[in-house]
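Chain letters run A, B, ... following the sequence lines, proteins first and then strands; every chain starts at 1. Treat the numbers as computed from the prediction; the structure is a model and nothing was measured.
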Amino acid sequence: MATGGPSKRSAPHDSSNVPPAKKGHWSQGLLAAMNDPNLVVATDDRIVIIKDKYPKARYHFLVIPKINVPNLKSLKREQSELLRYMENQAQMLAINYPQVEFRYGYHAIPSMSQLHLHMISQDFDSPCLKTKRHWNSFNTRYFLDSADVIRCLEERGMVVTMTPIAGEKLLEQPLKCHKCVYSPQNMPKLKQHLYKHINN
DNA sequence: GTTCTAGAAC
DNA sequence: GTTCTAGAAC
């Protein structure tokens with residue numbers, strides 16, 4: 001009786017109060033992918049290796065630990081052994097592709113929850129590679145080499161990355177070919193140029 | 001992370 | 001007129 005009318009009083013489109021990611025939210029998609037037989041290419045008691053659902057190159061895998069590791073920041077010094085194991089297992093898989101050049105690393109500010117090591121071939125020949133952000137996430141300092149992450153964790157006891165704002169700045173950087181000085185004006189021009197570096 | 005699409009860029 | 005990018009998505 002203190003209030004007369006209905007109690008609906010919040011601004012319906014207020015975006016200052018963003019809810020946390022829940023189960024089923026897109027950012028939790030890796031947890032589902034880890035259990036998708038169509039994506040899993042290898043597994044053991046410690047890790048799962050899956051095909052990236054939207055590969056940004058001809059070969060693009062993710063190595064995911066089975067224990068819950070939300071992100072790089074949550075890593076403790078003693079978990080560097082796990083990171084070494086993840087990279088080792090990726091390099092074991094790479095033996096199956098003797099002619100393919102891979103890089104192994106982490107996105108500085110990932111969108112998806114649960115730590116995942118990218119193992120990506122350097123052709124970047126894929127219809128899923130569409131945007132400048134896609135390109136820069138693998139071809140600027142936004143892509144942290146696995147070896148550097150492991151070294152940092154062992155020497156400093158934690159993984160030091162960058163602020164989200166610094167990450168955004170890298171993703172907005174002008175396009176540049178990863179193999180030469182060419183700076184294309186847009187993504188279609190980059191994708192056409194990339195074929196010059198591919199020996200089929 | 002992707003999809004969709006308005007309008008900027010050409 | 002077409003190509004391409006970038007911001008909303010309840």
Distance check needed: [N] [atom2] versus [X] [atom1], whole Å only.
| X | N | atom1 | atom2 | answer |
| --- | --- | --- | --- | --- |
| A:Ile120 | B:dG1 | CD1 | C1' | 14 Å |
| A:Lys132 | C:dG7 | NZ | P | 10 Å |
| A:Leu30 | B:dT2 | CG | C1' | 14 Å |
| A:Trp26 | C:dA8 | CH2 | P | 15 Å |
| A:Leu171 | B:dT2 | CG | C1' | 16 Å |
| A:His107 | B:dT2 | NE2 | P | 10 Å |
| A:Leu129 | B:dG1 | CG | P | 12 Å |
| A:Asn186 | C:dT3 | CG | C1' | 8 Å |

4.5 Å side-chain heavy-atom contact, A:Ile95 and A:Leu93: no
Nearest atoms (heavy-atom pairs only) where A:Ser27 meets A:Ser111: CB-O, 3.7 Å
Under 4.0 Å, counting only non-hydrogen atoms across every strand here, what does [X] touch: a base, just sugar-phosphate, or nothing?
| X | value |
| --- | --- |
| A:Lys56 | sugar-phosphate |
| A:Gln185 | sugar-phosphate |
| A:Pro188 | sugar-phosphate |
| A:His134 | sugar-phosphate |

Distance in Å, A:Arg77 CZ paired with A:Cys152 SG, rounded so as to fall on 0.5 Å steps: 10.0 Å
Taking atom types as modelled and ignoring hydrogens, do the side chains of A:Ser146 and A:Glu87 form a donor-acceptor contact shorter than 3.5 angstrom? yes
Salt-bridge present (A:Asp45, A:Lys66; N to O < 4.0 Å): no
Just to be sure I follow the notation: if a pair is Watson-Crick (purine N1 to pyrimidine N3 plus N6-O4 or O6-N4) or a G-U wobble (N1-O2 and O6-N3), each under 3.5 Å, what dot-bracket string does DNA chain B give, with | for pairs to another strand? .|||||||||
A:His25 side chain N/O closer than 4.0 Å to the phosphate oxygens (OP1, OP2) of B:dG1? no
A:Lys130 side chain near B:dT3 phosphate (N/O to OP1/OP2, under 4.0 Å): yes
Verify the ring-centre separation between A:Phe61 and A:His118: is it less than 6.0 angstrom? no
Within 45° of the axis and under 6.0 Å from the centre of the six-membered ring of A:Phe138, does NZ or CZ of A:Arg103 qualify? no
